Amino acid sequence: MPTILGQNQYGKAENRVVKITRDGATHHIKDLNVSVALSGDMEEVHYSGSNANVLPTDTTKNTVFAFAKEHGIESAEQFGIHLARHFVTSQEPIHRARIRIEEYAWERIETSDANSRFIGADEVKHSFVRKGQETRLTQITYDGSSWEVISGLKDLTVMNSTNSEFWGYVKDRYTTLQEAYDRILATSVSGRWRFNWTGDEQKMPNWEKSYEQVRKHMLQAFAETYSLSLQQTLYQMGARVINNRSEIDEVRFSLPNSHHFLVDLEPFGLKNDNEVYFAADRPYGLIEGTVLRDGCEPKIPVDLTNL
């Protein structure tokens, strides 16, 4: 029974490109997930395997990153227009380009009035929190005589686009990672904190205010810590909560290190001056730890999976 080729397309899906625009000390982020689909005179590649009309999908990926540098990202729409026009006008066999873009919004972290250790809080213009990701959590345990309240959050995605380094680590024959003296530090915060309220004879915390304040102190510590390791940032976040919220005795964090790698643009004759990154979601470093008020015993489970 004879067959014919129907609709077809090809391209590179879900190219994660993060563009940092540096306006002096003030930084701006565009975080896109770009999918490219191309169609046109592609019958022969299907019928005979001839790649004569095929622009490699790897090339479409490279184009996304190169265009982030060459054209910037004014908006998702404008960036998609640049890409579609390029693919159709530069490649005769390509008649149609479909660009799908998801944009992940960030907003600046509002810092405290106090000076941080390394920089004035009013100077922080490079710290961001992802919008609309956070889930608030709580676990209440009561045995008839005493209460245990553990609250927290997950999926709070944060980023520092500078003021983070990673160097001086152990190196062995399997080490390939280069030392970094100016890197992106990003993580999706999963945190739990335990209240010291255990019974009705004590004054009950203002749960709403407490949550808002804990979240604020966590974010401010993230923004104001000049980080030499994600472990250092974790401790500063927990310590800030303990030192400012008397109703909380213990904080535990699980922080995946969301790696951002500089894209090599040299093959295209472009210099990447800490501007265009590849955001890799797997594999990721996983940093976990508990911060306690002095004299208190840890009670939050080490594994937060079911908490």
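Because the structure is predicted, anything quoted here is derived from the model rather than measured. All residue numbers refer to positions in the sequence shown, counting from 1.
- Of the N and O atoms on the side chains of Thr225 and Thr233, not one donor lies less than 3.5 Å from an acceptor on the other residue.
- With sequence neighbours left out, the side chain to side chain donor-acceptor pair (under 3.5 Å) criterion links Asn257 to no other residue.
- Counting only N and O atoms by type, the side chains of Thr175 and Asp172 include a donor and acceptor under 3.5 Å apart.
- Qualifying salt bridge (Lys or Arg N to Asp or Glu O under 4.0 Å) partners for Asp58, counting only residues two or more places apart in sequence or in other chains: Lys61.
- Atom CG of residue Asn53 and atom CD of residue Glu43 lie 8.5 Å apart, to the nearest 0.5 angstrom.
- No side-chain N or O of Gln213 forms a donor-acceptor pair with one of Tyr211 less than 3.5 Å apart.
- Taking 4.5 Å as the limit, some side-chain heavy atom of Leu156 sits within range of a side-chain heavy atom of Leu219.
- Stacking of Arg16 on the aromatic ring of Phe278 is not recorded, the 6.0 Å distance cut-off and the 45° axial limit not both being met.
- Salt bridge annotation for Glu165-Arg183: absent, with no cationic side-chain nitrogen under 4.0 angstrom from a carboxylate oxygen.
- Side-chain atoms of Glu247 and Ser210 include a donor-acceptor pair closer than 3.5 Å.
- Sequence neighbours left out, the pairs with a member in residues 280-289 that pass side chain to side chain donor-acceptor pair (under 3.5 Å) are Ser254-Glu288.
- Salt bridge present: Lys69 and Glu275 bring a charged side-chain N and a carboxylate O closer than 4.0 Å.
- Side chain to side chain, Asn196 and Asp249 meet the donor-acceptor criterion of an N or O pair below 3.5 Å.
- Under 3.5 Å, the side chains of Ser35 and Arg100 contain no donor-acceptor pair of N or O atoms.
- Classification of Glu224 and Arg240 as a salt-bridged pair holds, one side-chain N sitting under 4.0 Å from a carboxylate O.
- Side chain to side chain, Ser161 and His27 meet the donor-acceptor criterion of an N or O pair below 3.5 Å.
- Around atom CD of Glu74, no more than 12 heavy atoms belonging to other residues, nucleotides or ligands sit under 6.0 Å away.
- Comment: Lys171 engages Glu179 in a salt bridge, judged by a side-chain N to carboxylate O separation of less than 4.0 angstrom.
- Proximity of Thr187 to Thr157: side-chain heavy atoms (C-beta onward) are nowhere separated by under 4.5 Å.
- Residues Tyr10 and Thr57 meet the side-chain proximity criterion, which asks for heavy atoms closer than 4.5 Å.
- A salt bridge between Glu250 and Arg192 is absent, with no side-chain N of the basic residue lying under 4.0 Å from a carboxylate O of the acidic one.
- The aromatic rings of Tyr277 and His260 sit perpendicular, their planes meeting at an angle over 60°, well past the 30° parallel limit.
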